[in-house]
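The next block holds one structure in the form of structure tokens; read it before the comments.
In each ligand, atom 1 is the first atom listed, and ligand 1 is the first ligand listed.
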Amino acid sequence: MAEENFKKNSYNFMNITRKDFKYRDIQERIRDYKNIYLDYTEDFIKSQASRCQDCGIPFCHGFGCPLSNLIPDFNDAVYKGQWKDALNILHSTSNFPEITGIVCPALCEEACTLNFGMEPVTIKNIELAIIEKGFENGWILPEPPKKRTGKKIAVIGSGPAGLVIAQNLNRQGHTVVVFEKDDRIGGFLRYGIPDFKMEKYIIDRRIEQMKMEGIEFNTDVNAGDDISVNLLKKSYDVIVLTVGSREPRDLLLEGRGFNGIHFAVEYLKQSNKSVAKDEIPHSELITAKNKKVIVIGGGDTGADCIGTARRQGAKEIYQLEILPKPPESRSSDTPWPMYAKKLRNSSSHLEGCERRWNILTKKFFGENINAKGILGVSVEWFEKDNKMDFKEIPGTEFSLNADLILLAMGFVHPEHSKLLLDMGVEFDIKGNIKTDSFGYGMTSVERVFAAGDAVRGASLVVWAFAHARDLSNVINDYLK
Ligand SMILES: Cc1cc2nc3c(=O)[nH]c(=O)nc-3n(C[C@H](O)[C@H](O)[C@H](O)COP(=O)(O)OP(=O)(O)OC[C@H]3O[C@@H](n4cnc5c(N)ncnc54)[C@H](O)[C@@H]3O)c2cc1C
Ligand code: SF4
């Protein structure tokens, strides 16, 4: 059916096929760090929105989306061309839909009723189209509070969780000051996620809006050091810790001290700074140019390293994962409407790399002071006492040469920095900040709250947004 002359009827999900945004050509996109997607038309989005069946029990928002975005409602408004209504519906549950519209793994689409044997609605793309329409038309304006309550709040950390808390509490009339130890605002949105996945003007235009709403941002301030915990406690009624989960998981094997072995976030942060035209001293430069690169860790951060290394001109790229290769389609232990365990290829994977599964790295080897590769072995997984365990497969030992080795194995917990230690907050068994029983409230220290990855452990932007939105209501009630 042509997109231009579709009508909404209850068979649209069969008449109109799911179509995702298309990627730019690989050879073109690996020459820059710009958005990897091609433009779309309004009719394209409307026809995709018309596939939504407005079903009785929308698992997409009740079960799938952590923000409980009102998906069938905004789909219907989009189909009818009521973009401003769609925007209001979207903003009623989400502060920054343009960010989830780009980087969210679309948990909602997994739970879409059409995903039960058919193709889900392209909810994430529709979300992005709505919010971009809002920006294009100048509908996204500062919303400063009508009056101030006189209460002062310090938000420590300007990642997704900190930004949502700051915006909500400021709009509720409290005076909000954000402290960020990096030189720019955004947390991993700024210095983790590469520009080709999300260009940084997306953050900057929101920061402008938030400044106009009255929020004060202080960068290059390492709270706990540059401003003491005592001073914070004296100056603010409430302190919110949104410091992220940033202690990277290390691989303390023989040879770890060679040059050329780096944590993924160190590499990605530097690359994002270069893209932002910051000068990187030659002695500190980490580049994949003309190098063989090994990325250890099969997740999304690893994929971001691959896309970055490809753009820097890497010769060969390998991604090694200790876990088995996931099945090509939904595994039986993750039935609908759960998020499916299945093989996923990111845009970076499509740009060229070799992925290997069931690989255990045994040691790093090098020449003089420089890393030259890894020794690895294949493993096989088995179940023991209801837990998965692995053993090495004899005779499968191998060596793989590389000049740059990136460790992308996730994060163990928030850094137990001077800030957290001086603050005296308790940690849970995993080393995350412990909050009251539902994980949505105060830390063990009166007037000190925490949200996002610092509480939940390394997770997703959408979870940080949802946690922060709910916590801002808790704090607002507390201040009353
Ligand atoms: C490379 C990479 C790619 C990712 N890609 C995706 C993706 O595509 N989709 C997705 O949903 N999620 C993704 N994630 C995960 C997502 O970015 C995080 O879950 C999210 O950013 C967590 O938000 P947060 O606000 O809790 O913490 P963070 O984003 O980690 O922000 C914490 C902030 O606190 C600051 N801070 C810490 N201590 C102090 C202090 N003492 N004083 C002042 N400031 C301090 C830090 O500098 C940082 O800016 C990715 C993560 C990484 C690392
Ligand atoms: S935030 Fe994520 S899960 Fe929620 S509607 Fe958007 S894409 Fe779906």
Could you verify whether a donor N or O on one side chain and an acceptor N or O on the other, from His174 and Asp237, lie under 3.5 Å apart?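 No, no side-chain donor-acceptor contact under 3.5 Å.
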
Ignoring hydrogens and geometry beyond distance, is a side-chain donor-acceptor pair present between Ser459 and Asp453 at under 3.5 Å?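 Checked: Ser459/Asp453 side chains show no N/O donor-acceptor pair below 3.5 Å.
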
Quick one, Phe427 with His416, criterion ring pair (Phe, Tyr, Trp, His ring centres under 6.0 Å). Give me CA distance, side-chain angles, the key distance, then yes/no. CA-CA 9 Å; Phe427 299 105; His416 292 177; 3.8 Å; yes

Numbering the atoms of ligand 1 from 1, which are under 4.0 Å from a heavy atom of [X]?
X: Phe179; result: 43 (C), 44 (N)
X: Gly452; result: 26 (O)
X: Ile156; result: 40 (C), 42 (N), 43 (C)
X: Thr242; result: 32 (C), 33 (C), 34 (O)
X: Gly187; result: 29 (O), 31 (O), 48 (C), 49 (O)
X: Leu419; result: 41 (N)
X: Gly192; result: 1 (C)
X: Ala161; result: 25 (O), 26 (O)

Taking the side chain as C-beta and beyond, is there a heavy-atom pair between Ser271 and Gln312 under 4.5 Å?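 The answer is yes, as the side chains (C-beta and beyond) meet within the 4.5 Å cut-off.
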
Would you check if Asn432 and Val455 make a side-chain contact, meaning some heavy-atom pair closer than 4.5 Å?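 Answer no - side chains too far apart.
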
Judged by non-hydrogen atoms, does [X] sit under 4.0 Å from ligand 1?
X: Arg456; answer: no
X: Pro160; answer: yes
X: Ser417; answer: no
X: Ile193; answer: yes

Have a look at Glu127 and say which of its N, O or S atoms is nearest atom 6 (Fe) of ligand 2.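 When I compare the N, O and S atoms of Glu127, OE1 is nearest to atom 6 (Fe) of ligand 2.
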
Closest by any non-hydrogen atom to [atom]: pick that one out of [options].
atom: atom 1 (S) of ligand 2; options: Leu90, Thr100, Ile123, Leu70; result: Thr100
atom: atom 39 (C) of ligand 1; options: Leu241, Val243, Asp300; result: Val243
atom: atom 1 (C) of ligand 1; options: Asp226, Val462, Leu268; result: Leu268

Which residue holds the protein heavy atom closest to atom 2 (Fe) of ligand 2, what is that atom called, and what is the gap in Å?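 Nearest protein contact, heavy atoms only, for atom 2 (Fe) of ligand 2 is Cys104 SG, 2.3 Å.
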
Does the gap between the ring centers of Phe188 and Phe411 come in under 6.0 Å?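 When the ring centroids of Phe188 and Phe411 are compared, they turn out to be within the sub-6.0 Å range.
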
Step through it carefully: locate the ring centre of Phe179, locate the ring centre of Phe217, and say whether they are under 6.0 Å apart.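 No - the distance between ring centres of Phe179 and Phe217 does not fall below the 6.0 Å cut-off.
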
Please find out if atom 8 (Fe) of ligand 2 and some N, O or S atom of Cys108 are separated by less than 2.8 Å.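 So Cys108 counts as coordinating atom 8 (Fe) of ligand 2, yes.
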
What part of Cys65 sits under 4.0 Å from ligand 2 if we count only heavy atoms: the side chain, the backbone, both or neither?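 Contact part for Cys65 vs ligand 2: both backbone and side chain.
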
Looking at Asp39, I want to see if its CG is surrounded by more than 12 non-hydrogen atoms of other residues, nucleotides or ligands under 6.0 Å.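 Incorrect, the count does not exceed 12.
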
Cationic N near anionic O, under 4.0 Å, Lys269 to Asp182: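 Looking at Asp182 together with Lys269, the answer is yes, because their closest N to O distance falls below 4.0 Å.
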
